[in-house]
Amino acid sequence: MLKIATWNVNSIKVRLPQVLDWVATARPGLLCLQEIKTVNDNFPVQELEDAGYQCQVNGQKTYNGVAILNRTPHDPVDIVDAIPGLDDPQRRVLAATYGDLRLVNLYVPNGSEVGSDKYAYKLDWLARLRDWLAEELARHPQLVVVGDFNIAPEDRDVYDPEGWQGSVLVSEPERAALRALLDLGLRDSFRLFDDSAGQYSWWDYRAAAFARDRGLRIDHILVSEALTGACKSCVIDKVPRGWERPSDHAPVIAEFDL
DNA sequence: ATGGTCGTTGGACGA
């Protein structure tokens with residue numbers, strides 16, 4: 001059984017103790033992190049190696065940054081750290097192959113506000129991502145695409161759909177861009193097992209959003225058709241969101257018969 | 001309550 005997890009930690013420097021605590025019990029074979037907010041040289045490689053994990057890091061100063069931790073039998077190969085051909089100083093992508101499994105870790109742009117420059121950047125980025133993932137899927141039938149997508153796929157993934165209607169993270173062009181990824185032949189693994197509304201992975205720090213369970217489901221694990229049969233579960237672990245000084249995101253973890 | 005809270009910074013900016 002291989003567990004693959006994704007967690008926007010909002011600073012690895014602050015959250016390292018929580019990551020170490022969490023992996024000690026959850027024991028994912030692969031853990032994809034987003035918003036590490038550090039340059040590669042300051043990533044806590046030693047501490048994570050001591051916990052049994054090998055680290056691939058794609059960081060930058062202050063913002064963004066992604067990493068993949070593995071304790072798999074295979075070393076990562078064919079590492080890619082950007083959407084090919086996209087000249088982007090923002091470190092948001094890390095892909096690697098572990099045996100027959102291709103893993104893509106994403107920190108999709110937030111988009112700020114509908115109509116803003118950052119929103120246009122988000123939609124353009126997603127279009128470029130789609131073209132790249134089409135190629136990845138052709139090369140690697142066993143593909144898993146995870147990360148903070150900054151998109152709630154449907155209204156059932158939003159605590160107040162009427163209040164959020166048309167806003168960034170839920171707007172129709174963003175949802176269409178996510179559907180375009182799924183139309184390549186990917187499935188939202190969470191929805192293979194749970195049709196319910198009110199399952200969230202992110203809660204704003206403000207206004208006691210977590211205590212009131214006012215969240216959105218914006219962190220996803222997408223699996224290729226070839227892997228859907230092997231995927232045995234996908235759950236959101238809300239526990240770390242309730243810890244002292246938490247990330248604003250909860251980890252999402254999928255189990256595979258691999 | 002047209003705000004709120006974090007993290008990185010060392011004043012705003014991004015989320």
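Values below: all heavy atoms of this structure, side chains included; hydrogens, waters and symmetry mates excluded. Remember, predicted model here, so these are calculated numbers, not experimental data. Numbered from 1 within each chain, the chains take letters A, B, ... in sequence-line order.
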(message) Output the rounded distance in Å from CZ (Arg206(A)) to P (dG14(B)).
(response) 14 Å
(request) Give the rounded distance in Å between these two atoms: CG of Leu169(A) and C1' of dA15(B). (result) 9 Å
(message) Using a heavy-atom cut-off of 4.0 Å across all strands, would you classify Arg214(A) as base, sugar-phosphate, or nothing?
(response) nothing
(message) Using side-chain heavy atoms (C-beta onward) and a distance below 4.5 Å, is Leu216(A) in contact with Val170(A)?
(response) yes
(request) Figure out the OH/P separation between Tyr119(A) and dA15(B), and round it to whole Å. (result) 15 Å
(request) Could you tell me the separation between the CD atom of Gln90(A) and the C1' atom of dC13(B), rounded to a whole number of Å? (result) 13 Å
(message) Quick check on DNA chain B: between Asp204(A) and Ile12(A), whose nearest nucleotide comes earlier from the 5' end?
(response) Asp204(A)
(request) Show your reasoning for whether side chain to side chain contact (heavy atoms under 4.5 Å, CB included) applies to Asn64(A) and Glu35(A). (result) CA-CA 4 Å; Asn64(A) 310 313; Glu35(A) 283 204 273; 5.5 Å; no
(message) Let's see if you get this right: which residues in residues 105-113 of chain A place a heavy atom under 4.0 Å from DNA chain B?
(response) Tyr107(A), Asn110(A)
(request) Using the six-membered ring wherever Trp is involved, compare the ring planes of His249(A) and Trp202(A) and label them parallel, tilted or perpendicular (cut-offs 30° and 60°). (result) tilted
(message) Does Gln54(A), at its CD atom, have more than 12 non-hydrogen atoms belonging to other residues, nucleotides or ligands within less than 6.0 Å?
(response) yes
(message) Is any side-chain heavy atom of Leu33(A) closer than 4.5 Å to one of Ile12(A)?
(response) yes
(request) Please state how far atom CZ in Arg212(A) lies from atom C1' in dG4(B), giving the value in whole angstrom units. (result) 10 Å
(request) Take the protein atom NZ of Lys61(A) and the nucleotide atom C1' of dA12(B), then report the distance between them rounded to whole Å. (result) 14 Å
(message) For dG14(B) and Thr62(A) - does any side-chain N or O of the residue sit under 4.0 Å from the phosphate oxygens OP1/OP2?
(response) no
(request) Name the residue closer to the 5' end of DNA chain B, choosing between Tyr205(A) and Glu35(A) according to the nucleotide with the nearest heavy atom. (result) Tyr205(A)
(message) Heavy atoms from C-beta onward define the side chain here; which of dT8(B), dA15(B), dG4(B) lies closest to that of Lys13(A)?
(response) dT8(B)
(message) Rounded to whole Å, how long is the line connecting atom NZ of Lys37(A) with atom C1' of dC13(B)?
(response) 10 Å
(message) Whether Asp148(A) and Arg92(A) form a salt bridge (side-chain N of Lys/Arg under 4.0 Å from carboxylate O of Asp/Glu) is what I want to check.
(response) no
(message) Does dG7(B) have OP1 or OP2 under 4.0 Å away from a side-chain N or O of Arg245(A)?
(response) yes
(message) Regarding Glu136(A) and Arg139(A), does a basic nitrogen lie under 4.0 Å from an acidic carboxylate oxygen?
(response) yes
